[in-house]
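The model shown is predicted, which means the values in this text are computed figures rather than measured ones. Values reported hereafter were calculated over all heavy atoms of this structure, with side chains retained and with hydrogens, waters and symmetry mates removed.
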Amino acid sequence: MHVRAVAVATTALLGVALTAPLSHARTDEAGGDGPTVVAHRGASGYAPENTLAAVDKAAELGIRWVENDVQRTRDGELVVLHDESLQRTTDVEEVFPDRSPWKVKDFTAEEIARLDAGSWFGPEYAGARVPTLEQYVHRLERNHQKLLLELKSPALYPGIEQQTLKVLANEGWLDRRHVASHLVVQSFDADSIRTVHQLKPAVKTGFLGTPAVSELPAYAEFADQINPSHDSLSMGYVSSVHAFKGPHGRPLEVQTWTVNDADTARRVAGYDVDGIITNKPDVVRDAVG
């Protein structure tokens with residue numbers, strides 16, 4: 001995730017009337033009072049982001065929740081990569097020098113599978129690959145981990161919501177156990193998240209951004225979480241989010257990003273956030289746990 005302009009919800013969405021505030025009850029998976037720690041793009045402070053190595057590093061650190069980004073190749077494969085371009089995190093310029101600007105959507109899955117997605121981070125990760133979504137969830141399952149999945153730039157990939165849900169279903173990630181406690185789908189695009197909710201109402205969803213408090217009832221129709229950048233947060237805002245129930249009848253949750261130092265982690269934990277998304281999950285865990 002990164003700070004960027006977020007499309008506002010439609011006028012019709014924002015016409016929903018305010019509801020009475022509701023008390024917030026934390027739903028931390030361990031049953032404790034601390035926020036859940038989520039490894040951003042895997043433990044991306046220690047291994048190349050969105051690779052299986054970053055998933056394994058998070059597991060090594062004892063982190064159960066992992067965040068990733070999903071995009072689509074030219075031939076329709078879902079792959080795990082943050083940027084719309086392959087340039088920053090692979091050797092695509094060397095392998096395909098004449099294919100600028102190296103957009104994910106312009107390459108086939110087979111072409112992307114040839115790329116080195118680890119050497120940019122460190123020589124010990126040379127040869128790491130861009131995983132498909134199937135490969136990624138297989139690794140999470142092996143490691144007994146859970147997934148906060150971001151639909152990246154869904155406007156570029158019409159139908160990606162239905163396709164993502166189909167892949168998750170095929171890989172066993174839409175059964176009762178996973179839907180209940182192992183999966184959240186999020187996006188900066190409100191329409192995309194609303195589509196996910198309409199297609200599979202049981203799946204927990206999150207909106208990336210900081211909607212005005214007056215807009216929260218509209219988002220609560222289709223999102224279980226409001227997930228803002230940590231620098232846009234205040235205790236009052238978190239309390240306001242918690243005051244509304246989401247589509248599954250529980251108080252809206254707040255997972256904030258991207259927090260990489262102990263002081264900031266303690267600050268947002270003091271706001272009673274439900275989760276902290278971080279490149280350095282061990283640092284955050286030790287600060288707030």
Side-chain angles (χ1 to χ4, degrees), residues 1-7 39-58 66-140 147-168 170-171 185-189 191-192 195-196 208 257-258 277 279:
M1 292 170 294
H2 54 84
V3 179
R4 62 184 172 116
V6 178
H40 185 229
R41 309 177 199 169
S44 56
Y46 308 112
E49 63 183 61
N50 278 324
T51 63
L52 300 184
V55 172
D56 291 344
K57 185 62 179 179
V66 176
E67 186 264 0
N68 76 350
D69 306 280
V70 173
Q71 301 193 59
R72 188 164 65 207
T73 66
R74 189 177 73 189
D75 54 341
E77 186 79 53
L78 296 182
V79 293
V80 178
L81 197 90
H82 177 271
D83 298 2
E84 293 173 14
S85 171
L86 294 152
Q87 187 177 12
R88 179 176 63 87
T89 59
T90 76
D91 61 348
V92 68
E93 288 183 83
E94 299 172 21
V95 180
F96 299 103
D98 300 324
R99 301 275 293 274
S100 176
W102 301 289
K103 299 290 188 181
V104 175
K105 65 183 181 63
D106 295 332
F107 287 78
T108 66
E110 188 278 331
E111 289 171 333
I112 291 175
R114 291 169 54 188
L115 302 177
D116 182 338
S119 290
W120 70 274
F121 190 90
E124 67 273 30
Y125 293 107
R129 302 301 174 192
V130 175
T132 64
L133 180 57
E134 289 95 335
Q135 290 167 340
Y136 202 89
V137 296
H138 287 170
R139 186 59 59 92
L140 291 174
L147 178 60
L148 175 59
L149 182 155
E150 180 181 344
L151 297 173
K152 181 61 64 176
S153 304
L156 293 177
Y157 310 110
I160 194 171
E161 298 87 2
Q162 185 170 14
Q163 184 181 3
T164 299
L165 291 172
K166 184 176 187 298
V167 170
L168 291 171
N170 290 345
E171 301 306 320
V185 178
Q186 65 174 358
S187 180
F188 283 98
D189 189 313
D191 289 337
S192 183
T195 297
V196 171
L208 284 159
W257 49 272
T258 303
I277 301 167
N279 299 335

Show, in sequence, the C-alpha distance, side-chain angles and deciding distance for Arg74 and Asp106, and conclude whether the salt bridge (charged side-chain N to carboxylate O under 4.0 Å, His left out) test is met.
CA-CA 5 Å; Arg74 189 177 73 189; Asp106 295 332; over 6 Å; no
Between Pro48 and Ala54, the two heavy atoms sitting closest are O-CB, 3.4 Å
When you check the side-chain N and O atoms of Ser192 and Glu161, is any donor under 3.5 Å from an acceptor?
yes
Check Ser44 against Glu49 and note the closest heavy-atom contact, atom names and distance.
CB-CB, 3.8 Å
Would you call Tyr125 and Trp120 a side-chain contact if the rule is heavy atoms closer than 4.5 Å?
no
Interatomic distance, CD1@Ile112 vs OG1@Thr73, rounded to 0.5 Å, equals 6.0 Å
CG (Leu133) and CG (Asn68) are apart, to the nearest 0.5 Å, by 7.0 Å
Kindly give the heavy-atom pair with the smallest separation between Asp191 and Asp189, and that separation in Å.
N-OD1, 2.9 Å
Polar contact flag, side-chain donor to acceptor under 3.5 angstrom, Gln71-Glu84
no
Return the minimal non-hydrogen interatomic distance between Ile160 and Pro154, and the atom names on each side.
CG2-CB, 4.0 Å
Gln163 and Leu78, any side-chain heavy atoms less than 4.5 Å apart:
yes
Closest non-hydrogen atom pair between Lys57 and Ala47, with its separation
CB-CB, 4.4 Å
Close side-chain approach of Val79 and Phe107, heavy atoms under 4.5 Å
no
From Leu148 atom CG to Arg41 atom CZ, the distance as rounded to the nearest 0.5 Å:
12.0 Å
Between Thr164 and Val185, is there a side-chain heavy-atom distance shorter than 4.5 Å?
no
Separation between OG1 of Thr108 and CZ of Arg114, rounded to the nearest 0.5 Å
8.5 Å
Hey, does the side chain of Arg72 reach the backbone of Leu156 with a donor-acceptor pair shorter than 3.5 angstrom?
no
Rounding to 0.5 Å, atoms CD (Glu134) and CG (Asn170) come to a distance of 8.0 Å
Between Asp116 (side chain only) and Gly127 (backbone N and O only), is there a donor and an acceptor less than 3.5 Å apart?
yes
Stepwise side-chain hydrogen bond (donor to acceptor under 3.5 Å, both in side chains) test for His40 and Asn279:
CA-CA 5 Å; His40 185 229; Asn279 299 335; 2.7 Å; yes
Heavy-atom side-chain proximity of Leu115 to Phe96 below 4.5 angstrom
yes
What do the steps show when you test Arg99 against Glu111 for side-chain contact (heavy atoms from CB on, under 4.5 Å), and what is the final call?
CA-CA 12 Å; Arg99 301 275 293 274; Glu111 289 171 333; 3.1 Å; yes
I'd like to know whether His82 forms a side-chain contact (heavy atoms from CB on, under 4.5 Å) with Arg88, so could you lay out the CA-CA distance, the side-chain angles of the two residues, the decisive distance to 0.1 Å, and finally the verdict.
CA-CA 10 Å; His82 177 271; Arg88 179 176 63 87; 4.1 Å; yes
Take Val80 and Val130 through the test side-chain contact (heavy atoms from CB on, under 4.5 Å) and record every step on the way to the result.
CA-CA 6 Å; Val80 178; Val130 175; 5.6 Å; no
Check: Trp102 side chain, Thr90 main-chain N or O, donor-acceptor pair, under 3.5 Å:
no
Regarding Glu171 and His138, do their side chains bring together a donor and an acceptor under 3.5 Å, going by distance alone?
yes
Check: Thr89 main-chain N/O paired with Asp83 side-chain donor or acceptor under 3.5 Å:
no
Taking the side chain from Trp257 and the backbone from Ile277, do they hold a donor-acceptor pair closer than 3.5 Å?
no
Measure from NZ or CZ of Arg139 to the centre of the six-membered ring of Tyr136, then state whether that distance is under 6.0 Å and the direction lies within 45° of the axis.
no
Approximate separation, where rounding is to 0.5 Å, of Glu150 CD and Asp69 CG:
4.5 Å
Heavy-atom count check: over 12 atoms from other residues, nucleotides or ligands less than 6.0 Å from Gln162 CD?
no
